[in-house]
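Heavy-atom basis, side chains included; hydrogens, waters and symmetry copies ignored. Order of listing sets the numbers, starting from 1, for every ligand and every atom in it. In this text the structure is predicted, and so the values were computed from the model without any measurement.
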Amino acid sequence: MRGLAMAGIAALSLLILAVGCVPPPRVAGQPEPAAVAERMSGIDPLFLPPSPDTIPGDVRGESIRLGYLMVVNTQEYGKSYIGNALNCTNCHLDAGLNPNTASFVGISALYPEYRARIGRKVSLTDRINECFERSLNGKALPPDSTKLAAIVAYIDWLSKGVPAGSTVPWRGIPRLMQARPPDPAKGKNVFATKCSFCHGTDGQGTMAAPPVWGPRSYTVGAGMARVGVAASFIKANMPRGWGWTVTDEEAFDVAAYVNAQPRPDFPGKVHDWPQGGKPADVPY
Ligand code: HEC
Ligand code: HEC
């Protein structure tokens, strides 16, 4: 997985840049569950995204680079459009190159696409703006925005080796199945022992990690505010550098605890799932 190794290196330097401290070492030789191994083996031939280090130096490269900067440093480059302390890369890990968390690789060709939450076909720019409004508690970038076009250019560039009509097997966050109803009281304990070290005892974030609840976190209308989505993200990626180490129950319990804490509202939620089909873990 050459692409991934490079992504890892890029991510590491980014993380150091972003949080100003050295992240914990990754656990070598950590076994991955069979399901994940299968997912990864299926993606091997196609999942070869270019490293951001190889963004071309021409005019198009300038736009791609701006898109990359919007993703990894949304706080600075997107600051007039956001209302919390997050960057895209905090959830779309490794600048969108990590296949375990809603990777940007290969998704360009999948749009426009019908979305049940919105109740109509959306473009890639619509989908990006959904994350600006919901995950970043911000506002949609205007259709003629250079910055919006830059994010699209970056995602297109990451998607260039992936043929149209491909199914993109690594798409989204690998979903966990819930074995029993999540228990937020147990989750509080998981948070204290496995998460607060980086995210803070009050969940408001530290120098090492972004907030997971409170006024500077994602809104109730974000995908991450769904317990099933957060549990799946946590299982595969948290603690950062130790993905796949918490049990499925711990992932669900801590997700239920985190998502039971206060966070910004998303008033537009009243218009969601206009044709029905709202998933059971949507908190409204
Ligand atoms: C070693 C430090 C560390 C630990 C421990 C840790 N995280 Fe994280 N977490 C991070 C970092 C760093 C990010 C942002 C990743 C990036 O930008 O690459 C993050 C991102 C997140 C996010 C998405 C962004 C956000 O802030 O909403 C969630 C949710 C999350 N972590 C939950 C958890 C949970 C739950 C645990 C405990 C099981 C946990 N984390 C343990 C460092 C950590
Ligand atoms: C709080 C976490 C979070 C943040 C921050 C965030 N996103 Fe997302 N994003 C998600 C989740 C969760 C999904 C849906 C994943 C799934 O369905 O498995 C998603 C989906 C997407 C998709 C669609 C992916 C696909 O497969 O079609 C795009 C594009 C996207 N986000 C762009 C962005 C951009 C650009 C930013 C920064 C401006 C951003 N996101 C910030 C959590 C986040």
Side-chain angles (χ1 to χ4, degrees), residues 11-12 14-15 18-19 21 23-25 67 70-72 74 77-78 81-82 84-96 98 100-108 110-111 113 115 117 122-138 141 147-148 150-152 154-155 168 170-175 187 190-200 203-214 216-219 222-226 228-235 237-243 245-246 250-251 253-259 263 279:
L12 201 70
L14 266 174
L15 197 68
V19 300
C21 70
M70 286 290 289
V71 167
V72 297
T74 326
Y77 289 85
Y81 298 102
I82 62 178
N84 67 17
L86 299 183
N87 296 297
C88 310
T89 194
N90 295 153
C91 299
H92 300 277
L93 300 178
D94 305 336
N98 188 316
N100 287 317
T101 169
S103 173
F104 294 153
V105 177
I107 64 164
S108 281
L110 304 172
Y111 290 87
E113 175 183 72
R115 285 196 32 88
R117 183 168 73 182
V122 304
S123 63
L124 179 56
T125 56
D126 293 331
R127 183 65 189 88
I128 292 167
N129 273 333
E130 278 184 59
C131 268
F132 268 100
E133 294 177 313
R134 295 160 185 263
S135 297
L136 292 155
N137 192 21
L141 280 70
K147 292 187 165 178
L148 185 56
I151 298 175
V152 172
Y154 175 61
I155 296 178
V168 186
W170 58 86
R171 189 177 193 189
I173 301 171
R175 288 291 200 279
V190 176
F191 191 83
T193 53
K194 300 195 171 175
C195 320
S196 64
F197 173 70
C198 290
H199 290 285
Q204 310 291 297
T206 66
M207 282 294 286
V212 286
W213 71 77
R216 295 159 65 244
S217 182
Y218 51 87
T219 76
M224 197 64 90
R226 291 173 50 192
V229 175
S232 305
F233 171 86
I234 291 162
K235 173 77 184 189
N237 304 295
M238 290 295 139
R240 185 74 170 124
W242 288 276
T245 59
V246 299
E250 284 174 324
D253 292 347
V254 77
Y257 171 69
V258 165
N259 280 346
R263 63 182 61 261

* Counterpart residues, ring pair (Phe, Tyr, Trp, His ring centres under 6.0 Å), relative to Phe233 (two or more places apart) -> none

* **Nearest-contact summary for atom 17 (O) of ligand 2 - protein heavy atom, Å** => Arg175 NH2, 3.6 Å

* Asked: Which atoms of ligand 2 have any heavy atom of Phe132 under 4.0 Å away?
  -> 38 (C)

* Is Ala255 touching ligand 1 with its side chain, its backbone, both, or neither, if touching means heavy atoms under 4.0 Å apart? -> neither

* For atom 19 (C) of ligand 2, grab the closest protein heavy atom and report residue, atom and distance to one decimal in Å. => Arg127 NH2, 3.3 Å

* Asked: About how large, to 10 degrees, is the angle SD of Met238, then atom 8 (Fe) of ligand 1, then NE2 of His199?
  -> 180°

* If you count the atoms of ligand 2 from 1 in the order shown, which ones are under 4.0 Å from a heavy atom of Phe104? -> 28 (C), 30 (C), 32 (C), 33 (C)

* To do: Using a strict cut-off of 4.0 Å, indicate which atoms of ligand 2 neighbour a heavy atom of Asn87.
  => 5 (C)

* Tell me, please, which residues at least two apart from Tyr218 pass ring pair (Phe, Tyr, Trp, His ring centres under 6.0 Å). => none

* 4.0 Å protein heavy-atom contact status of atom 11 (C) of ligand 2, strictly under -> no

* To do: For Thr125, enumerate each residue passing the side chain to side chain donor-acceptor pair (under 3.5 Å) test, keeping only those at least two apart in sequence or located in another chain.
  => Ser123

* Compare Ser196, Gly187, Pro211 and give the one whose heavy atom is closest to atom 26 (O) of ligand 1. => Pro211

* Where does Asn90 meet ligand 1, judged by heavy-atom distances below 4.0 Å: at the side chain, the backbone, both, or neither? -> both

* **ligand 1 versus Leu86: contacting region, heavy-atom distance under 4.0 Å** => side chain

* To do: Mind checking whether Phe191 contacts ligand 1 via backbone (N, CA, C, O), side chain (CB onward), both or neither, at a 4.0 Å heavy-atom cut-off?
  => neither

* Structure fact -> So the atoms of ligand 2 within less than 4.0 Å of a heavy atom of Gly172 turn out to be 18 (O)

* Structure fact -> Near atom 8 (Fe) of ligand 2 (protein N/O/S, cut-off 2.8 Å, waters excluded) we have His92 NE2, Cys131 SG

* Which residue supplies the protein heavy atom nearest to atom 23 (C) of ligand 2, what is that atom called, and how far is it? -> Tyr111 OH, 3.3 Å

* Using heavy-atom distances, let me know which of Ala95, Pro210, Cys198, Ala208 sits nearest atom 4 (C) of ligand 1. => Cys198

